[in-house]
Amino acid sequence: MANLLIREGRPAEIMLVEDNRGDALLAARAFRQAEIENNLTVAETGEKALAMLRREGEYAGLGLPDIILLDLNLPMMSGKDVLAEIKTDDVLRHIPVIILSSSSAPPDIAGSYGLHANAYIVKPFNLENFSDVVRSIEQFFFVLAVLPSPE
């Protein structure tokens, strides 16, 4: 049985910004198997992610996530542009953003950290490895690290 978020007794709120349906399904399956109970919200585009984070229109009732997993290669608005928007927004900048990208190119890694990404992970391609990544994320961000309140 999954544990609730240790310090607050609630599920972890996780936003995944991913346009690849296969990768999103892989992530969703890995998070369903996670030890920490969680609610995973998926945004397929950067524009949708920002609308959700800013609680615009139909997303007015959403809360903020505890962490954001962000792909760099998104249609229209790139992941780097989304990251820049998040980290320059006074309401959103405190949310840890983990880049989850298939790119291991040094300019992508350096550029992401230059825009204040909290971590950069090269995306695994199978469920077992993705589950390992999810376990590492939950151990660090939900067990060891102290996160600010999402609201």
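Positions are given from 1, in the same order as the sequence printed here.
- Distance check, rounded to the nearest 0.5 Å: CD1 of Ile14 to CG of Asn38 gives 4.0 Å.
- Checked against Pro96 for a side chain to side chain contact (heavy atoms under 4.5 Å, CB included), the options Asn118, Asp66, Leu69 give a single hit: Asn118.
- Partners of Pro106 under the side-chain contact (heavy atoms from CB on, under 4.5 Å) rule, at least two apart in sequence or in another chain, do not exist in this structure.
- Looking at residues two or more places apart in sequence or on another chain, you find a side-chain contact (heavy atoms from CB on, under 4.5 Å) between Leu25 and Arg21.
- Residue pairs meeting the salt bridge (charged side-chain N to carboxylate O under 4.0 Å, His left out) criterion with at least one member in residues 100-115, sequence neighbours excluded, are Lys80-Asp108.
- Here Ala24 pairs with Leu16, Glu18, Val42 under the side-chain contact (heavy atoms from CB on, under 4.5 Å) rule; sequence neighbours left out.
- Look at Glu85 and Arg54 and you find a salt bridge, because one of the NZ, NE, NH1 or NH2 atoms lies within 4.0 Å of a carboxylate O, short of that distance.
- Contact check for Leu70 versus Leu83: side-chain heavy atoms found under the 4.5 Å cut-off.
- For the pair Ser101/Lys123, no side-chain contact is recorded, criterion being any heavy-atom separation below 4.5 Å from C-beta on.
- A distance-only check finds no donor-acceptor pair linking the side chain of Glu13 to the backbone of Ile67 [under 3.5 Å].
- Heavy atoms only, all atoms of each residue included: Val122 and Ser102 are closest at CG1-O, 4.1 Å.
- Listed by first and then second residue, the side-chain hydrogen bond (donor to acceptor under 3.5 Å, both in side chains) pairs that reach into residues 69-78 are Ser78-Asp81, sequence neighbours excluded.
- Looking at Lys48 and Asp19, no side-chain N of the basic residue comes within less than 4.0 Å of a carboxylate O on the acidic one, giving no salt bridge.
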Exercise. Could you walk me through whether Thr45 and Leu74 pass side chain to side chain contact (heavy atoms under 4.5 Å, CB included), step by step?
Key: CA-CA 6 Å; Thr45 67; Leu74 298 170; over 6 Å; no
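- At distances below 3.5 Å, not a single donor-acceptor pair connects side-chain atoms of Lys87 with backbone N or O atoms of Leu115.
- Residues forming a side-chain contact (heavy atoms from CB on, under 4.5 Å) with Ser136 (at least two apart in sequence, or on another chain): none.
- Only one option out of Val91, Ile68, Asp89, Val17 pairs with Leu53 in a side chain to side chain contact (heavy atoms under 4.5 Å, CB included); it is Ile68.
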Practice problem: Would you check, one step at a time, whether the test side chain to side chain contact (heavy atoms under 4.5 Å, CB included) holds for Asn129 with Val133? | Solution: CA-CA 6 Å; Asn129 292 345; Val133 166; 5.8 Å; no
Quiz prompt | Worked verdict on Asp23 versus Phe130 for side chain to side chain contact (heavy atoms under 4.5 Å, CB included) | solution = CA-CA 10 Å; Asp23 288 349; Phe130 212 109; 5.6 Å; no
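- Annotation for Met77 and Gly46: closest pair SD-C, 4.1 Å, computed over non-hydrogen atoms.
- In this structure the side chain of Leu72 reaches within 4.5 angstrom of the side chain of Ile99, judged on heavy atoms.
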